[in-house]
Each structure stands twice: as structure tokens, then as C-alpha cells.
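Indexing begins at 1, ligand by ligand and atom by atom, following the structure's order.
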Amino acid sequence: MNETAAASAAEEATRGRDAATDPVLVGEGVQRSYGDVVALDGVDLRVEAGEVFGLIGPNGAGKTTLVRALTGTTDAEGDLRVFGAPPPEVDPQRIGLLPQSFDPPERLTATELVEYYGGLYDDARDVESVLRDVGMADDADAWYETLSGGQQRRTCVATAVVNDPDLLFLDEPTTGIDPAGRRSIHRLIERLADGGTTVFLTSHAMDEVERLADRVALLRDGAVVAVGPPGDLIAEHGGAPRLDVTLDGGASEEVAERIEAGLAGGVAVESTRDGLRVSGVRPEAIGDAVDALDVAFESLAWSEPSLEDVYLRLTGEEYSPREGTLEEALRDGGDR
Ligand SMILES: Nc1ncnc2c1ncn2[C@@H]1O[C@H](COP(=O)(O)OP(=O)(O)OP(=O)(O)O)[C@@H](O)[C@H]1O
């Protein structure tokens, strides 16, 4: 190989390496307002090829607006790149999008609907196998409008993956889907990710995101307040493992203090609405903690912190043992 050929081979190799390591999505200082409402307030994010990237955040945090900005379906300020290009310039063949709300255009069966969307692409997957992937094989010939909400959502997921996209946006894909259907969708996401598809997943189901996502970003008030692998976020923000003790008639602060005094350092006991919460109990110390409970209890539940705890902490909706969450207060009719 002469010098010029060697140089160009080296350049080619470098380009290839760069192409392989270039992020699929980059957003820097992304902003979007609707009148006075600031939906995105300077979002920075980066999603690598082949990642399942989870986006979580409260209602109104800006998740759907961000998905819309990334898919070129709404304008946004700041720097946004998808496969290195501004979103409106990206080849639609490479993108799959399941929007949060989806209204199919006409009276079609599930098969016809997926065929219709497949027809928009040069190269679409076999419709039967796509419907099988989302657990809709048995209802493939039913009219879309006669399907249950969950079956309709599964069919919508099928339309989003019919082009076998390189980058798939799923905006709350499993809303309204029953546990078996959710499993089908989860398996589909895992298979797609294993095959190299980059998945951008927004969801309010924290267990789903914790299970599927390689990294998670938490959006609050239009900005990313935390990002990282679920395990790292849980270790950093999730709090301690805990033992929840249900007592008939609850427990006073005095009881909590007495029990805490009998336990090793680093373990805290608080009285809750239903009894006691013992925080900081490692699995190997559960027996000691139970022995220290000198009260008759109804039940015990030990749990590790989860992504839901991270979410509650970082959105300011953290569980307060005495008060319960806002959600609980609403469920209980606000009588506390
Ligand atoms: N088309 C619109 N016109 C006016 N305001 C909008 C529009 N779309 C979104 N907004 C506002 O922008 C903010 C962010 O909304 P967005 O739908 O992006 O939030 P989200 O995180 O997806 O919420 P959810 O979890 O409820 O789906 C909200 O205050 C919302 O009311």
C-alpha cells in the first residue's frame, strides 16, 4: 500500500470508527415554548447507538414536546441532531414513531392498518410477523375501531415498527395495555434493542423503564435533572432499603424511637399511617430488625429502593411516612 492509500485507509477507518461511536441523538440547549408556557427549558441529552433510553417525568414536564422536537413534528430552538442531521432532514425510513395519541385515518382492520403504514416505506416488514410480535395475531382481522383500547395500542406499536427502524420513539407505549400485552411489548423492545435498534422510550411505568432502559433521564419543568443507568440513579437518589411494618392501630413516635434505640446505627424507625417504617435495613439484617420489634404486627414488607423512589425524590413527590403521597391523599378523598 502506498503512502496515499495508507493515509486514506486510515482516514476511512477513523471515519468508520466515528460513525460507529457517533451518538444517534444529541440535544443541546433545546427550548420550546407555547405562548407563555415553557415546555422545554434548555434540554441537554445524548443517546448512543443501540441504547434503550428512558425518559421519565411528571405530567407536563415536556416529554412529548421533546419527542416531537426530536422527530421534527414541532419546532424547537437550540441544537438538535438525529443521525447527525436536523430532525426534519432525517430519512423517515430510519425512524419509527409511536406518538402518545394516535388516531388511525380510516375504517381498517389491524392488518390493513399495519399494511397501510408499511406501504409508506420502501422496505417494510411482513405484517403478520409484526402483529405476532405485539400479541395481535389472533385479532389481526378485527376492525381497529372494534378492538379494545389495549389491543388498539398494540396495533399502533406494530405500525411504529413495521419499517424496522434504526431509531424508535415510543411515547407511553403500554398505556392501557394488560400485563400479558405489556410483556409482549417489553419483549419486542428487548429484541429490537438486541438487534441494534436505538429506542427512545417515555413512560410513566417506572418498573418498565427500570427493566428496559440502559439509561434514564428525568425531565422536570422542561429540563433534565438527572441522567444515568437506572442502577446508578437508584444508588444515588433512591434512599435506603426499608422494612414496612403494618400494625393494627398504627404506632406512636415514642414506639418508633424505642425500637430504633434497640437497633444498630444507620437504621431509622419512623411511625407511618399504617405502622412503622424501618429504613436502612440490609437483607442480612432483616432478622435482627424483626427481633427488635417488640410490638404485635400484622404484616411486614421489605423493599429495595427503586426507580420510582428516585422519581418521587427528584420530583419533590417523595413519600412522607406520616403524610403519604399526594396521590394517596387524593385517593383517600383528602380526609387527612
Ligand atoms: N400544543 C400545545 N399548545 C400549548 N401548550 C402545550 C402544547 N403542547 C404541550 N403544551 C404544554 O407544554 C407543557 C409540556 O407538555 P408535554 O405534553 O410535553 O408534557 P409531558 O411531559 O409529555 O406530559 P404528560 O406526561 O402529561 O404526557 C405542558 O405545560 C403543556 O400544557
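Shown are H186, R154, E208, H204; of these, the side chain to side chain donor-acceptor pair (under 3.5 Å) with T174 is made only by E208. The one candidate from V24, T198, V47 that meets the side-chain contact (heavy atoms from CB on, under 4.5 Å) condition with F53 is V47.
Using a 4.0 Å cutoff on heavy atoms, E172 counts as a contact of ligand 1. Residue contact annotation: P58 has a non-hydrogen atom under 4.0 Å from ligand 1. For the ligand labelled ligand 1, residue R32 lies outside the 4.0 Å heavy-atom shell.
A donor atom on one side chain and an acceptor atom on the other are not found under 3.5 Å apart for T246 and D274. A donor-acceptor pair shorter than 3.5 Å cannot be found between the side chains of E172 and T202.
The shortest N/O to N/O separation between V37 and ligand 1 does not fall below 3.5 Å. Looking at ligand 1, you won't find any N or O of A39 less than 3.5 Å from one of its N or O atoms. Here's the thing with G62: one of its N/O atoms is less than 3.5 angstrom from an N/O atom of ligand 1. Among the atoms of N59, some N or O lies under 3.5 angstrom from an N or O of ligand 1.
Stacking of R32 on the aromatic ring of Y34 is recorded, both the 6.0 Å distance cut-off and the 45° axial limit being met.
Interface of H204 with ligand 1, defined as ligand atoms under 4.0 Å from a residue heavy atom, comprises 25 (O). Those atoms of ligand 1 with a heavy atom of K63 less than 4.0 angstrom away are 18 (O), 19 (O), 20 (P), 21 (O), 22 (O), 23 (O), 24 (P), 25 (O). Here is the list of ligand 1 atoms found below 4.0 Å of a heavy atom in Q100: 27 (O).
Closer than 4.0 Å to atom 9 (C) of ligand 1 lies at least one heavy atom of the protein.
With Q93 contributing its side chain and D122 its backbone, the two residues share a donor-acceptor pair below 3.5 Å.
If you check which protein heavy atom lies closest to atom 17 (O) of ligand 1, you get T64 CB, 3.7 Å. Among all protein heavy atoms, the one lying closest to atom 16 (P) of ligand 1 is T65 OG1, 3.6 Å. Summary of contacts: the protein heavy atom closest to atom 6 (C) of ligand 1 is Y34 CD1, 3.2 Å. Atom 14 (C) of ligand 1 has G60 O, 3.4 Å as its closest protein atom, hydrogens excluded (heavy atom only).
Among all heavy-atom pairs drawn from P173 and L98, the shortest one is CA-CD2, 3.5 Å. Smallest separation of non-hydrogen atoms from G57 and L218: CA-CD1, 3.8 Å.
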So D309 and R242, salt bridge (Lys or Arg N to Asp or Glu O under 4.0 Å) or not? Walk me through it.
CA-CA 12 Å; D309 296 300; R242 66 221 172 196; 3.2 Å; yes
Full working for salt bridge (Lys or Arg N to Asp or Glu O under 4.0 Å) between R211 and E190:
CA-CA 10 Å; R211 171 181 165 170; E190 283 164 349; 3.3 Å; yes
